[in-house]
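Some notes on the structure that comes next.
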Amino acid sequence: MCPSIGPIAAIFFGAAIYINLAEQPARLALDAGAALREWVPAYRRGFEMQASLAIVSCLLGAMAWWQTGNALWALGAAVIILNWPYTLLVIMPVNRRLETTRPDQANAETHELIARWGRLHAGRSALGAVATMVYFTAAASAL
């Protein structure tokens, strides 16, 4: 079971960094209304996928810690699940403002909120990267 945890966190990280490096720059090249129309469904789909990956990775990391006693598994689980409170406390206020804006009312402020959302999302990418490194370190220490 333990070797599969790192790849799950790596999938989370890959999805998160893809958003920062590919999707967000393309979105920001659009006008505010088009960027918002793209952001709403993309965010919903991304949230479903990344939230699930964070939970599964956390649960597997906690189980690996319980089975092996290696605290690195617990650390990886804690780091990956930090995405939840980070999203709810830091990113969600921006999400709510974007979700309540109609595309036909989008303006420069909306575009800046989308840009801000991308900068905040980079925190999720960083948490995914750290969790992945911790998990792979834990797996390597078991060899």
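- Side-chain atoms of H111 never come within 3.5 Å of backbone atoms of L36 as a donor-acceptor pair (strictly under, hydrogens ignored).
- At least one donor-acceptor pair under 3.5 Å links the side chain of N20 to the backbone N or O of G118.
- M49 and I11 fall within a single hydrophobic cluster, where Ile, Leu, Val, Met, Phe, Trp and Tyr side chains are chained together by heavy-atom contacts under 4.5 Å.
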- Item | Intermediate values then yes/no, side-chain contact (heavy atoms from CB on, under 4.5 Å), F12 and N83 | CA-CA 10 Å; F12 176 97; N83 278 284; 3.4 Å; yes
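- In this structure, I91 is not a member of the same hydrophobic cluster as L53, with clusters built from ILVMFWY side-chain heavy atoms closer than 4.5 Å.
- When atom types are taken as modelled, the side chain of E23 and the backbone of W39 share no donor-acceptor pair closer than 3.5 angstrom.
- Y18 is not listed as a side-chain neighbour of S125, based on a closest heavy-atom distance of 4.5 Å or more.
- The cluster map of Ile, Leu, Val, Met, Phe, Trp and Tyr, joined by side-chain heavy atoms under 4.5 Å apart, puts F13 and L82 in different clusters.
- Scanning all heavy atoms of the two residues, the minimum distance from C58 to A77 falls at O-CB, 3.4 Å.
- Comment: E109 does not engage R116 in a salt bridge, judged by the lack of any side-chain N to carboxylate O separation of less than 4.0 angstrom.
- For D31, the side chain to side chain donor-acceptor pair (under 3.5 Å) criterion is met by no residue, not counting sequence neighbours.
- Listed by chain and number, the residues in a side chain to side chain donor-acceptor pair (under 3.5 Å) with W117 are N95 (sequence neighbours excluded).
- Residue R119 places its CZ atom among more than 12 non-hydrogen atoms of other residues, nucleotides or ligands, all under 6.0 Å distant.
- Taking every heavy atom of both residues into account, L88 and P93 meet most closely at O-CD, 4.2 Å.
- Within the model, atoms CD of Q24 and CG of L28 stand 4.0 Å from one another, a figure rounded to the nearest 0.5 Å.
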- Verify side-chain contact (heavy atoms from CB on, under 4.5 Å) between H121 and Q50, making sure each step is shown before the conclusion. CA-CA 12 Å; H121 177 78; Q50 287 193 284; 3.6 Å; yes
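- When the side chains of ILVMFWY residues are joined at heavy-atom separations under 4.5 Å, either directly or via intervening members, V134 and I8 end up in two distinct hydrophobic clusters.
- Follow the hydrophobic side-chain contacts under 4.5 Å out from W84 and you reach L75 in the same cluster.
- With contacts defined as side-chain heavy-atom distances shorter than 4.5 Å, the pair L98/I114 qualifies.
- Contact record, A131 with G76: CB-O, 3.9 Å, taken as the closest heavy-atom pair.
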- Task: May I have the step-by-step check of side-chain contact (heavy atoms from CB on, under 4.5 Å) for S57 and Y135, ending in yes or no?
- Result: CA-CA 10 Å; S57 180; Y135 280 145; 3.0 Å; yes
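- With T132 contributing its side chain and A9 its backbone, the two residues share a donor-acceptor pair below 3.5 Å.
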- May I have the step-by-step check of side-chain contact (heavy atoms from CB on, under 4.5 Å) for Y86 and L120, ending in yes or no? CA-CA 9 Å; Y86 177 76; L120 294 173; 4.0 Å; yes
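- Between the OG atom of S141 and the CG atom of N70 there is a distance of 4.5 Å, given to the nearest 0.5 Å.
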